[in-house]
Amino acid sequence: MRWSQYYLYTTREVPKDAEVISHQLMTRAGMIKKLAAGIYTYTPFGFRSISKMMAIVRRELDRAGAMELSMPAVQPAELWQESGRWQEYGKELLRMRDRHDRDFCFGPTHEEVITDMVRHDVRSYKQLPINLYQIQVKFRDEIRPRFGLMRGREFLMKDAYSFHADGASLDATYQDMRDAYCRIFEACGLDYTVVEADSGTIGGSSSHEFMVLAQTGESAIVRCDESGYAANTEKAEAGELPAPPPGPASEETPDQPQQVATPGLTTVEEVAEFLGVEPSQMLKTMIYTSEQEELVAVAIRGDREINEVKLANHLDVKHLALASEGEVTGATGAPVGFAGPVGLTKVSRLIADHSVRSMSRFVCGANAADAHLTGVEWGRDAEPTEWADLLLVGEGDPCPSSGKPMTLSRGIEVGHIFKLGDKYSKSMGCQFLNDKGQGNPMIMGCYGLGIGRTVAAAIEQGNDADGIIWPRPLAPFEVLLIALNPQDDEVRQAAEALYGELQERGVEVLYDDRKERPGVKFKDADLIGVPVRLVVGKRGLTEGKIEFSLRANPRERHSVDVADAAAKVGELLE
RNA sequence: CGGGGCGUGGCGCAGUCUGGUAGCGCACCUGCUUUGGGAGCAGGGGGUCCCCAGUUCGAAUCUGGGCGCCCCGACCA
């Protein structure tokens, strides 16, 4: 490809709305153009990387026995009503009407469509298992699209769905897909980790996420080097936390709680400081509401935070919110900031996190304005209706397996695999007949992988002050051939000859034949990050030499005889 | 959905407070010089100042309404 005729326009300036490095570099390198919030065009240059990513995905999934198909982007509401998600999915689902006033949506995912297809075609256990995938444009109307391709509204995703007669078959395919994903991300040269994850609105039991480690990642994960345990903090569990020391004992009334005045002190930190105790000796009581419209109280240690994903799962609700001021006052008889478990009768449930089980003589709100209680004991003064794991796990918490401290880091979620079970097959009547002639819902798995996001993640991991450093498998071109002074006959002829030779060899080469100054060409070369750089210039040519270097190691430059250059490139690309 | 900010040549911005014929840098076109790390000089093209309505002799600028975009938050009792 001759750059002088190619659709590739770089910019020197960083667009003002690009915050993360991958977004800045993809924009500056002319790979993507924004059309609207979270909606991008891939330019020919950008699309080459996207295509390479798709090719890797296809290769590995085909190898894992999955079959590619293509489903509609626009889907009728009926299917979503059947699965229940027309109600559940909320505003992220882009809904629309056709000319006959029929409801449709732009698919954010395709469980309904694939299940609908399979239930019509598959009758017998003899036809199972089946594993189908597509690479498709999806649309999710995110609250706040940002970070370029990392969190767009319209995006390219590979999604696969498997159908099974039993759990063992699902387990086998799940493992195959997990292995395929590992091969895919390894092929992309990414530093990634597999973590246990919450299954979210898709539903189902087991699930794993593939995280590319990057400080700009939007997901938090904890890991234990000792045991290998790794999980998204939405899902992560911790071993038992060390018990905090008992709070101060009351001299006059050692066998009952004592009410103390805490005027205007509503936060754990304020009360702890005022009373001279540690936040870990306090009990925090939060009032939540959900679509079930009942108020529940949740108790957690004062220095810790509630994991709302765990709480929503425990309550089996879709949407959770902290209760309003009015609801809190109605439930506790006090303003926000003074809730506690003692005498809390107006909520239906008091759910206590395991972190508060070992607490003794703790401090909590008194359910009265400007007052807290000290010296409170479980059993004697209050009793939760249930215990649960609601802890948001943090840095240094003990690993649930080894007990060693875990580390917290950030990751970009590039893949997510689920064991769905029969959630969709049951609600949508996707059944098969077993060997005894009985009808059963199929067992399903589903497997997502963000194409654009993975390419962006590769840039997050591969860049320097001058631009992108592509992992070779995702690079738009393998070789950048620069004719430094194309107006010089000798230089041009040598570069043209080499260009032809590289093409003969099947090398993906971008030939910079533009009438630009050397400085511009070098800067652009660094920016677009093509792995191998060849420079034909007057200086070297007088000695019959061509210079080559690798983008990953820009300072190391080598000379090679003109005649050997193409062979040398072939060698480098081996 | 709350709070804040911004819409002015392709991109980044000034001008708006205090109304008076729209400017700068980059990019683009022409010419000359330059040519191994984003060149210099000279000349040139390109803008419904987001949209609608209003105030005014006169609106990018003031008023009202709308649209779009960006950032923060939507959570620790």
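Just so it is clear: chains get the letters A, B, ... in the order the sequence lines come, proteins before strands, and each one is counted from 1.
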K.L.:
Identify each donor-acceptor pair in which a side-chain atom of residues 555-562 of chain A lies under 3.5 Å from a protein atom, sequence neighbours left out, and give them as a table.
P.N.:
unit_1: A/E556; atom_1: OE1; unit_2: A/N553; atom_2: ND2; d: 3.1
unit_1: A/D561; atom_1: OD1; unit_2: A/K545; atom_2: NZ; d: 2.8

K.L.:
List for me each residue that meets ring pair (Phe, Tyr, Trp, His ring centres under 6.0 Å) alongside A/W80, sequence neighbours excluded, and say none if there are none.
P.N.:
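Per chain and number, A/W80 pairs via ring pair (Phe, Tyr, Trp, His ring centres under 6.0 Å) with A/Y89.
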K.L.:
Which residues satisfy the side-chain hydrogen bond (donor to acceptor under 3.5 Å, both in side chains) test with A/E478, sequence neighbours excluded?
P.N.:
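A/E478: side-chain hydrogen bond (donor to acceptor under 3.5 Å, both in side chains) contacts with A/R472.
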K.L.:
Applying side-chain contact (heavy atoms from CB on, under 4.5 Å), name anything that partners A/E273, two or more places apart in sequence or on another chain.
P.N.:
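Here no residue qualifies.
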K.L.:
Using side-chain contact (heavy atoms from CB on, under 4.5 Å) as the criterion, list what pairs up with A/A37, not counting sequence neighbours.
P.N.:
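For A/A37 the side-chain contact (heavy atoms from CB on, under 4.5 Å) partners, ignoring immediate neighbours, are A/P145, A/R153.
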K.L.:
Tell me, please, which residues at least two apart from A/Y9 pass ring pair (Phe, Tyr, Trp, His ring centres under 6.0 Å).
P.N.:
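Per chain and number, A/Y9 pairs via ring pair (Phe, Tyr, Trp, His ring centres under 6.0 Å) with A/Y7.
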K.L.:
Which residues pass the ring pair (Phe, Tyr, Trp, His ring centres under 6.0 Å) test with A/F477, sequence neighbours left out?
P.N.:
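A/F477 satisfies ring pair (Phe, Tyr, Trp, His ring centres under 6.0 Å) with A/Y6 only.
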K.L.:
Give me the residues of residues 341-366 of chain A where at least one heavy atom lies under 4.0 Å from an atom of RNA chain B, by number, or none.
P.N.:
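Going residue by residue through residues 341-366 of chain A, none turns out to have a heavy atom under 4.0 Å of RNA chain B.
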K.L.:
Quick check on RNA chain B: between A/Q487 and A/E305, whose nearest nucleotide comes earlier from the 5' end?
P.N.:
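First, find each residue's nearest nucleotide; the 5'-ward one identifies A/Q487.
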K.L.:
Looking only at atom P, what distance separates B/G15 and B/G23, rounded to whole Å?
P.N.:
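Result for the P pair: 16 Å, nearest Å.
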K.L.:
Once ring pair (Phe, Tyr, Trp, His ring centres under 6.0 Å) is applied, do any residues pair with A/F338, and if so which ones, sequence neighbours excluded?
P.N.:
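Result, ring pair (Phe, Tyr, Trp, His ring centres under 6.0 Å) vs A/F338: A/H372.
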K.L.:
Taking protein heavy atoms under 4.0 Å as touching, what does nucleotides 36-47 of chain B look like 5' to 3' if B marks base contact, S marks sugar-phosphate-only contact and - marks none?
P.N.:
BBBB--------
K.L.:
Say you pick atom P in B/G2 and the same atom in B/C75; how far apart are they, in whole Å?
P.N.:
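That atom pair is separated by 14 Å.
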K.L.:
Looking at RNA chain B, which of residues 33-50 of chain A put a heavy atom within less than 4.0 Å of it?
P.N.:
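Nucleic-acid contacts, sorted: A/K34, A/A37.
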K.L.:
Given B/G25, B/C75, B/A77, which nucleotide is nearest the side-chain atoms of A/E13?
P.N.:
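Nucleotide nearest to A/E13's side chain: B/G25.
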K.L.:
With the sugar-phosphate defined as primed atoms, P, OP1 and OP2, and the base as all remaining atoms, what B/S/- string results for nucleotides 1-10 of chain B, 5' to 3', for protein heavy atoms under 4.0 Å?
P.N.:
-----S----
